[in-house]
**Q** 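Below you'll find the structure I mean.
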Protein chains: 2
Amino acid sequence: MLDHDSSHRHECPVARASEVIGDRWSLLIVRDAFDDIRRFSEFQKSLGVAKNILAARLKALVEVGVFEICPASDGSAYKEYVLTEKGRELFPIVVSLRQWGERFQFAPHETRSVLMDNATGQPVMRMAVQSASGETLGPADCHRIRVTPDDV
Amino acid sequence: MLDHDSSHRHECPVARASEVIGDRWSLLIVRDAFDDIRRFSEFQKSLGVAKNILAARLKALVEVGVFEICPASDGSAYKEYVLTEKGRELFPIVVSLRQWGERFQFAPHETRSVLMDNATGQPVMRMAVQSASGETLGPADCHRIRVTPDDV
DNA sequence: CCGTATCCATTCCGATACTG
DNA sequence: CAGTATCGGAATGGATACGG
């Protein structure tokens, strides 16, 4: 083992994000939450995942602050899992994943689910990395630097 | 098993994308590729991953068309792993992951790596889901529909 | 230097049964 | 309905040794 990262942890935010939501189910749970799924059984039905795994994932996602547990919105005695702000801010990740999957993992004729803007009925724009002035940036237009924000 | 999805596969592009790049290493490999890493040993050093699993990942990523193998750019006899267009188009996913990780998985003072625009030296813009007219959309502003593109 | 082959530990996952 | 407990199998990951 190179122990390259275990004590001081990763400096790369990509790695840290992957640690939290990089398993096979978390983002699919979040995706369903974006469709207003809130109840255990609804997640279970939508995902077709074993209940114990779902329970473990939801618990983990609550622990890291992606979901919070709320009393049911209707009168029923059960809890609901609702996204926190941290969870809602996963939206760009899920949408960029979706758009990539749509472009590259579907044959042209295959039926798929696409994301539409409620207001216009149009599909949402393709996501892109942009410069401060709004131009689209590719990988070659960027570089990473190390920063320690001591500058308050 | 609910066999909810195994024969006709997932209609959700998020799920399809996750199947391909949703493991613990793939996106980190791609991230390094965005930093112009191309050689086996460079990936290995950067990631601190065992050689066998790196080899397996790279092979899988070549098979799904994210990387392609090229002769070395310098004279050396070895191959290089370079991103295809499909691979380069993972850029928005990696960047949105990065930005989320940066916001929510770092304490304010922790040193991190951030992505800068070469041209301006400024950090890149925060990614957002946008309507066709350019407004930022949240989860509640969107809905998914099923589409079968028979309309040529 | 670039991998492959082998072996082992751990983690993940699914099915089932069970509790409140 | 909403989970928990348990168990076995599969996948994943790491260390090491080896071959081109």
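Atom set for the values below is all heavy atoms of this structure, side chains included, hydrogens, waters and symmetry mates excluded. Note on naming: letters A, B, ... go to the chains in the order of the sequence lines (proteins, then strands), and numbering restarts at 1 for each one.
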**Q** Identify all stems in which DNA chain D takes part, counting only runs of at least 3 consecutive pairs (Watson-Crick or G-U wobble, each distance under 3.5 Å), and give each as one range with another, ordered by first number.
**A** C:3-20 with D:1-18
**Q** Tabulate protein N/O versus nucleotide N/O from nucleotides 5-9 of chain C, keeping only pairs under 3.5 Å, one per line.
**A**
unit_1	atom_1	unit_2	atom_2	d
C/dT6	O4	B/Asn52	ND2	3.1

**Q** Closer than 4.0 Å, any side-chain N/O of B/Ser41 to the OP1 or OP2 of C/dC1?
**A** no
**Q** Specify the separation, in whole Å, of atom CD1 of B/Ile21 and atom P of D/dT12.
**A** 15 Å
**Q** To the nearest 0.5 Å, how far apart are OG in B/Ser131 and CE in A/Met116?
**A** 12.5 Å
**Q** Starting at atom NZ of A/Lys59, determine the distance to atom C1' of D/dA2, rounded to an integer number of angstrom.
**A** 14 Å
**Q** Could you name each residue pair satisfying salt bridge (charged side-chain N to carboxylate O under 4.0 Å, His left out) that touches residues 33-42 of chain A, not counting sequence neighbours?
**A** A/Asp35-B/Arg144, A/Arg38-A/Glu80, A/Arg39-A/Asp74, A/Arg39-A/Glu80
**Q** Tell me every residue that passes side chain to side chain donor-acceptor pair (under 3.5 Å) with A/Gln105, counting only those two or more places apart in sequence or in another chain.
**A** B/Lys86
**Q** Going by side chain to side chain donor-acceptor pair (under 3.5 Å), name the pairs with one or both residues in residues 54-66 of chain A, residues two or more places apart or in two chains.
**A** A/Asp23-A/Arg57
**Q** Looking at A/Tyr78, I'd like to know whether one of its side-chain N or O atoms comes within less than 4.0 Å of OP1 or OP2 on C/dG20.
**A** no
**Q** Using heavy atoms and a sub-4.0 Å distance, could you list which residues of residues 24-39 of chain A are near DNA chain C? By number, please.
**A** A/Arg24, A/Trp25
**Q** Between C/dC2, D/dG3, D/dT12, spot the one nearest the side chain of B/Arg57, thanks.
**A** D/dT12
**Q** Applying ring pair (Phe, Tyr, Trp, His ring centres under 6.0 Å), name anything that partners A/Phe106, two or more places apart in sequence or on another chain.
**A** none
**Q** Provide the closest heavy-atom pair for B/Leu58 versus B/Phe40 in the form atom of the first, atom of the second, distance.
**A** CD1-CD1, 3.9 Å
**Q** My understanding is that only residues two or more places apart in sequence, or in another chain, count here; which of them pass salt bridge (Lys or Arg N to Asp or Glu O under 4.0 Å) with A/Glu68?
**A** none
**Q** Who pairs with A/Arg103 by side chain to side chain donor-acceptor pair (under 3.5 Å), at least two apart in sequence or on another chain?
**A** B/Glu85, B/Glu89
**Q** Choose from C/dC13, D/dA2, D/dG14 the nucleotide whose nearest atom is closest to any side-chain atom of A/Ile53.
**A** C/dC13
**Q** Return the value, rounded to whole Å, for the distance between atom CD of B/Glu19 and atom P of D/dT12.
**A** 12 Å
**Q** Just to verify, what does B/Thr120 make a side chain to side chain donor-acceptor pair (under 3.5 Å) with, not counting sequence neighbours?
**A** B/Asp117
**Q** What salt bridge (charged side-chain N to carboxylate O under 4.0 Å, His left out) pairs are there with at least one residue in residues 122-141 of chain B, not counting sequence neighbours?
**A** none
**Q** Report the distance from atom CG of A/Asp23 to atom P of D/dG13, rounded to the nearest whole Å.
**A** 12 Å
**Q** Send over the distance from A/Leu54 CG to C/dA15 C1', rounded to a whole Å.
**A** 15 Å
**Q** Reckon A/Phe43 touches a base, only the sugar-phosphate, or nothing at all at heavy-atom distances under 4.0 Å?
**A** nothing
**Q** Residues in side-chain contact (heavy atoms from CB on, under 4.5 Å) with A/Pro92, at least two apart?
**A** A/Met127, B/Ser96
**Q** Do any side-chain nitrogens or oxygens of A/Tyr81 fall under 4.0 Å of OP1 or OP2 in D/dG3?
**A** yes
